[in-house]
Amino acid sequence: MIVVNAFVHLEPEDRASRLALYDLLGEPGGVTEWAQQLLERMGVSDRPAIVRGFMRSLATIDPAHIRRLFTELVAYEQGPELAQIACPVLIVRGERDGFVPAYCAHDLNQRLRASVIVGMTRCGHLPYLEDPVAFNGIAAAFLAEPSVTRTGPLAVERR
């Protein structure tokens, strides 16, 4: 399994910040402000192609649905499901991602039986779009040899 910039839980301060961001979707004209803040937090606001594509997609989203979906996600406790995962897991962390805090990757790593974290230093929340060649190389290497075992403190590799 490959997981990219995901969280199991958020600390109260991060949860409040995330909910405040999604509250913008309920305000008149808030969709554009939400999108700009989201892109900035994700660490991708300096990636013109990503920004352009995301801003174009705003015409097709349902702000109320997006707000409801992500509000539910922030509150969902995923711990019980993680205990059932027995396969090796690659956790990819775009280190410029301010949307999903770094502790989330470490928390996920500690909850899984066999996992490793790879940090992509020049990427934010969307490393598969920001640096697809490097991301695909990391994924291919993991899939070719997925026998990850973690016996000590968390394993972190930066690329």
Side-chain angles (χ1 to χ4, degrees), residues 1-85 89-113 115-132 134-135 138-139 150 153-159:
M1 178 184 301
I2 299 174
V3 178
V4 182
N5 291 322
F7 67 90
V8 176
H9 84 283
L10 295 171
E11 296 295 330
E13 181 179 303
D14 293 318
R15 182 179 296 195
S17 174
R18 177 79 56 97
L19 292 173
L21 176 65
Y22 281 96
D23 282 346
L24 291 172
L25 291 169
E27 297 178 9
V31 173
T32 300
E33 180 63 26
W34 164 78
Q36 291 169 340
Q37 285 190 34
L38 181 61
L39 290 164
E40 183 67 34
R41 289 184 192 188
M42 291 191 315
V44 297
S45 62
D46 61 342
R47 309 281 184 160
I50 292 172
V51 171
R52 211 172 24 256
F54 190 76
M55 297 307 274
R56 271 192 223 135
S57 76
L58 297 181
T60 63
I61 69 165
D62 175 355
H65 175 73
I66 298 291
R67 182 179 180 207
R68 185 174 50 256
L69 178 70
F70 281 93
T71 298
E72 290 173 8
L73 181 61
V74 167
Y76 181 66
E77 173 52 48
Q78 302 171 59
E81 287 85 359
L82 293 176
Q84 299 173 19
I85 297 174
V89 179
L90 169 64
I91 302 165
V92 179
R93 162 109 179 110
E95 294 187 0
R96 294 178 52 209
D97 185 8
F99 188 59
V100 177
Y103 68 80
C104 294
H106 302 293
D107 180 41
L108 186 58
N109 188 45
Q110 291 301 314
R111 292 175 184 239
L112 293 166
R113 295 180 199 176
S115 60
V116 63
I117 299 172
V118 174
M120 295 183 68
T121 57
R122 295 182 311 269
C123 293
H125 191 71
L126 307 169
Y128 42 85
L129 296 177
E130 296 169 77
D131 192 349
F135 180 86
I138 291 166
R150 193 184 76 240
L154 78 129
V156 179
E157 179 180 342
R158 286 182 172 51
R159 294 188 183 183

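Here, residue 1 is the first one in the sequence, and each next residue gets the next number.
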- prompt: Under the salt bridge (Lys or Arg N to Asp or Glu O under 4.0 Å) rule, what pairs show up with a residue in residues 13-23, not counting sequence neighbours?
  reply: Asp23-Arg67
field: Student check: side-chain heavy atoms of Val44 and Val51 closer than 4.5 Å
entry: no
task: Look at the side chain of Gln78 and the backbone N and O of Leu73, then say whether any donor-acceptor pair between them is shorter than 3.5 Å.
output: no
- prompt: If you look at every heavy atom in Gly124 and Pro127, which pair is closest and at what distance?
  reply: O-CD, 3.5 Å
message: side-chain contact (heavy atoms from CB on, under 4.5 Å), that's the test. Do Met120 and Ile138 meet it? Break it down for me.
response: CA-CA 10 Å; Met120 295 183 68; Ile138 291 166; 3.8 Å; yes
task: Of all the heavy-atom pairs spanning Ala6 and Cys104, show the shortest one and how long it is.
output: O-CB, 3.5 Å
message: Quick check: do Ile61 and Val31 have side-chain heavy atoms less than 4.5 Å from each other?
response: yes
- prompt: Does anything in residues 2-11 pair up under side-chain hydrogen bond (donor to acceptor under 3.5 Å, both in side chains), and if so which pairs, sequence neighbours excluded?
  reply: His9-Glu11, His9-Asp107
message: For Glu81 versus Tyr76, what's the shortest heavy-atom pair and its separation?
response: OE2-OH, 2.7 Å
field: Distance in Å, Ile66 CD1 paired with Thr71 OG1, rounded so as to fall on 0.5 Å steps
entry: 10.5 Å
task: For His125, check ring-ring contact (aromatic ring centres under 6.0 Å, His included) against everything at least two apart and list the hits.
output: Phe99
- prompt: Would you say Leu108 and Val89 make side-chain contact, with heavy atoms under 4.5 Å?
  reply: no
Gap between atom CZ of Arg41 and atom CD of Gln37 - 0.5 Å precision: 5.5 Å
- prompt: If you round to the nearest 0.5 Å, how far is CE of Met1 from OG of Ser115?
  reply: 11.0 Å
query: Side chains of Phe135 and Leu129: does their closest heavy-atom pair fall under 4.5 Å?
result: no
message: Taking ring-ring contact (aromatic ring centres under 6.0 Å, His included) as the definition, give me every residue that meets it alongside Phe54, ordered by chain and number, with sequence neighbours left out.
response: Trp34
query: Where is the tightest heavy-atom contact between Ile117 and Ala105, given as atom of each residue plus distance?
result: CD1-O, 3.5 Å
message: Let's go through Ser45 and Glu40 carefully: what are the C-alpha distance in whole Å and the side-chain angles of both, what is the deciding distance for side chain to side chain donor-acceptor pair (under 3.5 Å) to 0.1 Å, and is it a yes or a no?
response: CA-CA 5 Å; Ser45 62; Glu40 183 67 34; 2.9 Å; yes
query: Which residue pairs satisfy the salt bridge (Lys or Arg N to Asp or Glu O under 4.0 Å) criterion with at least one member in residues 42-52, sequence neighbours excluded?
result: Asp46-Arg96, Arg47-Glu130
- prompt: Which residues satisfy the ring-ring contact (aromatic ring centres under 6.0 Å, His included) test with Phe70, sequence neighbours excluded?
  reply: Tyr22
- request: Mind checking the CD-CG spacing from Gln110 to Leu82? Nearest 0.5 Å is all I need.
  value: 12.5 Å
field: Pairwise distance CG(Leu69) to CG(Leu25) - rounded to 0.5 angstrom
entry: 11.0 Å
- prompt: In Å, rounded to the nearest 0.5 Å, how long is the span from CG of Leu58 to OG1 of Thr32?
  reply: 6.0 Å
- line: Looking only at heavy atoms, the pair that brings Ala139 and Leu90 closest together is CA-CD2, 4.3 Å
